[in-house]
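Here is the structure we will look at.
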Amino acid sequence: MKYYDKLIFELSKKGRTGYTLPGGNVDAPALPATLCRQSDLHLPEVSEVDVVRHYTNLSQMNFGVDTGFYPLGSCTMKYNPKINEEIAAMPEFAGLHPLQKNLPGVKAVYEGMDRSLAAITGMAHFTFKPCAGAHGELTGLMIMREYHLRRGDLARTKIIVPDSAHGTNPASAAVCGLEVVEVKSNADGLVDVESLKPLLGPDIAGIMMTNPNTLGLFESEIKEIASLIHGCGGLLYYDGANMNPLLGVVRPGDMGFDIMHLNLHKTFSTPHGGGGPGSGPVGVKKELAEIADSVCVSGFNGNFGVILRAYAYILMLGKENVKLAGPLATLGANYIKESLKDAFKLPIQRVCKHEFVFDGLVDDGSSTGKPGATTLDVAKRLLDFGFHAPTIYFPLLFHQALMIEPTETESKETLDAFIDIMHKIAKEAAADPDILHGAPHNAPIGRPDETTAARNPILKFFDEQCAS
């Protein structure tokens, strides 16, 4: 461990201080005993330079889109342009109270985003109340249920979800009180239309899909699927997590979808991960607009700062350059796929969209007599070379799934470097899988016991030696 990898409590030395404050000339107000500590607050005693180095070191231990390539499948971890941050930090916006949503400038942002997203997606209207993607899913399903209830169609209590769906889809449906009916994928990784037909009936509220799906494949029979769902009286819900490759190419509304959500923190470049904030605005066709505005899922009109960042991104690109995002993301994904399919198993040999899925290594090194290298081993080894791991073990259709999404913001040089490292890791696995089993070798920590950490978390640090 490097000296500054230590916790700040471990750097503490009794009596050391990094600041001097002038003596106060105001008497402290008397506080009720119930609000007072019974003992001194235990804080580290360190110099200013130790504090600066400690927090700088912590920032360097984190991984994000500003520090390296982040090929996380189905999450579109694209670069966040700094002009977005500058606009969101303007005091005229940053100082607003959430209830000040009716100020002219704020209304102009919401109205502009509504028009922009409607044009991009083929929907008629968006509600911005949902604060995340899954929140948007729930909102969309609530709109779907309300649509059927207002028509007096009380029997529609089931929702069809493909077996390749994002895990939040069935979870959101369950929260909304809908029964999930799974439809299988065919050998090409697409929704099996023949398996869909027997599921249709007067109890079906609709279907939840993303297109392209989680294998990165475009659902080429979407128009027939839409016709079948509408034919039985249901609605189509579009999970916008995979909208990025469609920008400027095709619109969910034109495919036949009635309701959709967008992840502004994926498709429109706002900060992503770390628990939020997010934004999952929901778009609907014209006949559902009044219902969308009536569904209340938030006390405020969404996360305005995130919406503002996304609006800045759209305005910066303009309609001409928004059209480039989807094709460039698709180009990058297919370039990586074709470059690595000699070393990693490619279960479906088709042109992908923004992402694709491998199913482990072609040669995992098991012929050496040692346990073969797994997808987890590959992911951990990537950390040694400064790359974040792709999504692993999802979708569940493949045992050693490795889902890669480069996004449109990465250069060919970055993609080539990633391809070279992946080939290097594949060669290491074939020659000596133990190299991968022990990875990462260069990270601050190796492989923690994740099960124990989840079940018995240690949420604080206190060492008597540090306090002495």
Side-chain angles (χ1 to χ4, degrees), residues 64-67 69-72 74-90 92-94 96 101 105-123 126-133 135-136 238 240-252 260-274 276-283 301-333 353-355 405-411 414:
V65 291
D66 286 351
T67 57
F69 182 37
Y70 215 128
L72 196 61
S74 276
C75 277
T76 314
M77 296 290 285
K78 66 170 73 175
Y79 172 70
N80 309 144
K82 297 303 171 275
I83 185 65
N84 302 359
E85 302 301 320
E86 292 180 21
I87 291 174
M90 291 171 61
E92 294 84 352
F93 290 128
L96 291 174
K101 60 186 178 183
V106 176
K107 289 181 66 177
V109 170
Y110 280 117
E111 290 168 0
M113 272 295 278
D114 192 1
R115 291 192 301 270
S116 298
L117 297 183
I120 289 170
T121 63
M123 295 291 162
F126 273 82
T127 173
F128 294 92
K129 294 175 184 175
C131 295
H135 204 198
Y238 182 85
N242 290 355
M243 180 68 192
N244 202 60
L246 300 191
L247 292 179
V249 180
V250 65
R251 307 188 304 175
M260 68 173 294
H261 88 270
L262 286 168
N263 292 321
L264 299 189
H265 47 285
K266 293 183 181 182
T267 311
F268 296 101
S269 84
T270 68
H272 186 172
S279 182
V282 171
N301 203 15
N303 286 320
F304 178 69
V306 177
I307 295 164
L308 183 61
R309 288 172 172 87
Y311 191 39
Y313 176 73
I314 292 171
L315 293 178
M316 179 180 66
L317 291 183
K319 64 181 181 180
E320 298 83 4
N321 292 313
V322 165
K323 294 179 181 180
L324 295 176
L328 288 174
T330 298
L331 178 64
K353 297 306 174 190
H354 65 308
E355 65 189 8
E405 177 185 3
T407 80
E408 75 279 5
T409 56
E410 300 295 342
S411 68
T414 297

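Just so it is clear, the model here is predicted, and its values are computed rather than measured.
There is a side-chain donor-acceptor pair under 3.5 Å between Glu405 and Thr76.
One distance of note links CD1 of Ile120 with CZ of Arg115; it measures 12.5 Å at 0.5 Å rounding. How far CD1 of Ile314 is from CG of Leu117: 5.0 Å, rounded to the nearest 0.5 Å. Between His265 atom NE2 and Lys78 atom NZ the span is 12.5 Å, to the nearest 0.5 Å. Atom-to-atom distance recorded for Ser116:OG and Leu317:CG is 11.5 Å, nearest 0.5 angstrom. A distance of 6.5 Å separates CZ in Phe268 from CE in Met243, rounded to the nearest 0.5 Å. Rounding to the nearest 0.5 angstrom, the gap separating the CG atom in Leu315 from the CE atom in Met113 is 9.0 Å.
With sequence neighbours excluded, no residue forms a side-chain hydrogen bond (donor to acceptor under 3.5 Å, both in side chains) with Asn303. For Tyr70, the side-chain hydrogen bond (donor to acceptor under 3.5 Å, both in side chains) test picks out His388, with sequence neighbours left out.
Residues Ala88 and Ala94 approach most closely at O-CB, 3.7 Å, considering heavy atoms. Between Asn263 and Ala241 the shortest heavy-atom distance is ND2-CA, 3.4 Å. Here the shortest heavy-atom pairing between Thr267 and Gly240 reads OG1-O, 3.9 Å. Nearest approach of His354 to Ala333, heavy atoms of both residues: O-CB, 3.4 Å. The two residues Gly302 and Cys131 come nearest to each other via the heavy atoms CA-SG, 4.3 Å. For Gly136 against Val282, the heavy-atom pair with the smallest separation is O-CG2, 3.3 Å.
If you look at Tyr311 and Tyr110, their ring centroids are not closer than 6.0 Å.
When atom types are taken as modelled, the side chain of Asn80 and the backbone of Ser269 share a donor-acceptor pair closer than 3.5 angstrom. Between the Tyr238 side chain and the Thr121 main chain, no donor and acceptor come within less than 3.5 Å of each other. Checking side-chain atoms of Thr270 against main-chain N and O of Arg309 turns up no donor-acceptor pair under 3.5 Å.
The shortest distance between side-chain heavy atoms of Pro281 and Ile307 does not fall below 4.5 Å. Between Tyr79 and Thr407, the closest side-chain pair of non-hydrogen atoms is not below 4.5 Å. Using a 4.5 Å heavy-atom cutoff, the side chains of His261 and Pro130 are not in contact.
Applying side-chain hydrogen bond (donor to acceptor under 3.5 Å, both in side chains) to Asn244 and the options Lys353, Glu408, Glu355, Lys266 leaves one that passes, Glu408.
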- Lys323 vs Leu247, side-chain contact (heavy atoms from CB on, under 4.5 Å): CA-CA, chis, key distance, verdict: CA-CA 6 Å; Lys323 294 179 181 180; Leu247 292 179; over 6 Å; no
